[in-house]
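All remarks here apply to the structure that follows.
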Amino acid sequence: MPFLLFVSVFLIAACGLIYELIAGTLASYLLGDSVLQFSTIIGSYLFAMGIGSFLSKYIDRALVARFIHLELMVGLVGGFSSSLLFLAFAYTQSFRLVLYLLVILVGILVGLEIPLLMRILKERFEFRDLVAHVLTFDYLGALGASLLFPILLVPKLGLVRSALLFGIINAGVALWSTFLFRDQLRRRLGLQISCALVLVALVGGMGFADQIADAADNNLYADEVI
C-alpha cells in the first residue's frame, strides 16, 4: 500500500511536468522564440500551481472522491491539451489566448493534487515521513519526465500522443485510487465508470493524433508560403 501510494505521487509529478514541457515545446515550434515561450509558459504554470495549492485548503470534504475527480480532470485537460493547441493554431486567431488559458488551467489542477493527496495520507504516516517521501517521489517523477520527454516521447510518439499517453496515466491513477482508498469511498462504482469513460476518450484520441498534427503543419506551411 505505501509503495503504491508513492508511485502515484511519482506518476502525478511526471504527468504535470510533461504537460508543461509539451506546452513550451509546441509554442516554440509554432510561434518561434523558444526562450520567450519557455520562460513565460514555465512562469505561468508555476504561478498557476501556486494558485491551485492555495485553493486546496477550501476542499474539506470527501477528499478521496475529490482527488479522483481531480485526476480525471487533469487527464482530460492535459491529455487533450496538445490536440486543442494544434487545432487552435490551425483554425482560430486566438492561439496565444488558448495556450495560456490551458497552461493556467492545467497548472491550477496540478497544484491541487499534491496538497490534497498529502491531506489524504496524513493519518497513515508521520508528518515528517509523509513530507519527505511525497517530495522525494515528486522530484523523482519530474526527473523521469524530463529525461523521457526529449529521449523517447517526442521522437517516438510526438507531442499529441505523448500528451494523450500521460492523460491515460492520470486516469489510471484515478482508477487505481478507487481500489487503494475503497474504504473511504461511498460511490465507488460510479467513480470507476467515470474513470473508464475518460480512459476510452483518451485512447480514442490516439487514433486522430496524426490528423491533428498534420492540420497544424499544413497551416504553418501555408503561412510560410504566403
Side-chain angles (χ1 to χ4, degrees), residues 1-22 49 52-53 56-57 59-79 106-149 151-153 157 161-203 206:
M1 176 69 75
F3 175 75
L4 292 177
L5 291 173
F6 292 123
V7 167
S8 298
V9 175
F10 178 90
L11 294 175
I12 287 170
C15 291
L17 185 61
I18 288 294
Y19 301 140
E20 181 182 2
L21 291 172
I22 285 174
M49 286 180 65
S53 297
S56 67
K57 70 178 184 178
I59 302 175
D60 54 7
R61 291 184 298 175
L63 296 183
V64 175
R66 304 285 189 199
F67 174 74
I68 292 170
H69 286 137
L70 179 63
E71 285 302 299
L72 294 177
M73 291 174 64
V74 175
L76 276 175
V77 178
V106 173
I108 290 173
L109 295 174
V110 171
L112 285 163
E113 290 175 316
I114 296 300
L116 200 58
L117 187 58
M118 289 180 70
R119 290 168 59 192
I120 292 170
L121 300 178
K122 67 180 181 179
E123 296 180 358
R124 301 183 183 220
F125 303 92
E126 291 187 14
F127 180 74
R128 64 178 182 179
D129 292 332
L130 176 61
V131 172
H133 286 107
V134 167
L135 293 182
T136 296
F137 278 86
D138 184 57
Y139 296 143
L140 286 174
L143 173 63
S146 66
L147 294 175
L148 281 176
F149 185 74
I151 295 172
L152 182 62
L153 295 176
L157 295 180
R161 286 195 175 92
S162 294
L164 289 166
L165 173 62
F166 279 82
I168 290 170
I169 291 173
N170 270 125
V173 169
L175 181 59
W176 86 29
S177 295
T178 64
F179 296 97
L180 291 176
F181 301 108
R182 56 184 175 274
D183 56 330
Q184 301 179 47
L185 293 172
R186 293 182 179 179
R187 300 177 179 177
R188 190 157 62 100
L189 180 59
L191 289 171
Q192 289 173 341
I193 292 173
S194 298
C195 294
L197 292 174
V198 171
L199 284 168
V200 168
L202 290 164
V203 172
M206 289 283 192

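Side-chain contact between Leu112 and Leu116: absent, with no pair of heavy atoms (C-beta onward) separated by less than 4.5 Å. Between Leu72 and Cys195 there is a side-chain heavy-atom pair separated by less than 4.5 Å. With a 4.5 Å cut-off on side-chain heavy atoms, Leu70 and Ile59 do not count as touching. Using a 4.5 Å heavy-atom threshold, the side chains of Ile18 and Leu153 count as touching.
Ile193 CD1 to Thr178 OG1: the interatomic distance, rounded to the nearest 0.5 Å, is 11.0 Å. Distance check: Leu109 CG to His69 NE2 gives 13.5 Å after rounding to the nearest 0.5 Å. Here the CD1 atom belonging to Ile22 is positioned 8.0 Å from the CZ atom belonging to Phe166, to the nearest 0.5 angstrom. Distance CZ/Phe10 to OH/Tyr139: 15.0 Å, rounded to 0.5 Å.
Here the shortest heavy-atom pairing between Leu199 and Ile168 reads CD2-O, 3.6 Å. Across all non-hydrogen atoms, the minimal contact from Glu71 to Asn170 is OE1-ND2, 2.8 Å. Across all non-hydrogen atoms, the minimal contact from Leu202 to Gly75 is CD2-O, 3.6 Å.
At distances below 3.5 Å, at least one donor-acceptor pair connects side-chain atoms of Ser53 with backbone N or O atoms of Gly111. In terms of modelled atom types and a separation under 3.5 Å, the side chain of Tyr19 and the main chain of Val77 share no donor-acceptor contact. Put simply, the side chain of Arg66 never gets that close to the backbone of Leu63: no donor and acceptor are under 3.5 Å apart.
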(message) Could you walk me through whether Thr136 and His133 satisfy the side chain to side chain contact (heavy atoms under 4.5 Å, CB included) test, starting with their C-alpha distance in whole Å, then the side-chain angles of each, then the deciding distance to 0.1 Å, before giving a yes or no?
(response) CA-CA 5 Å; Thr136 296; His133 286 107; 5.6 Å; no

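Using bins of under 30°, 30° to 60° and over 60° for the plane-to-plane angle, the ring pair Phe6/Phe137 lands in the parallel bin.
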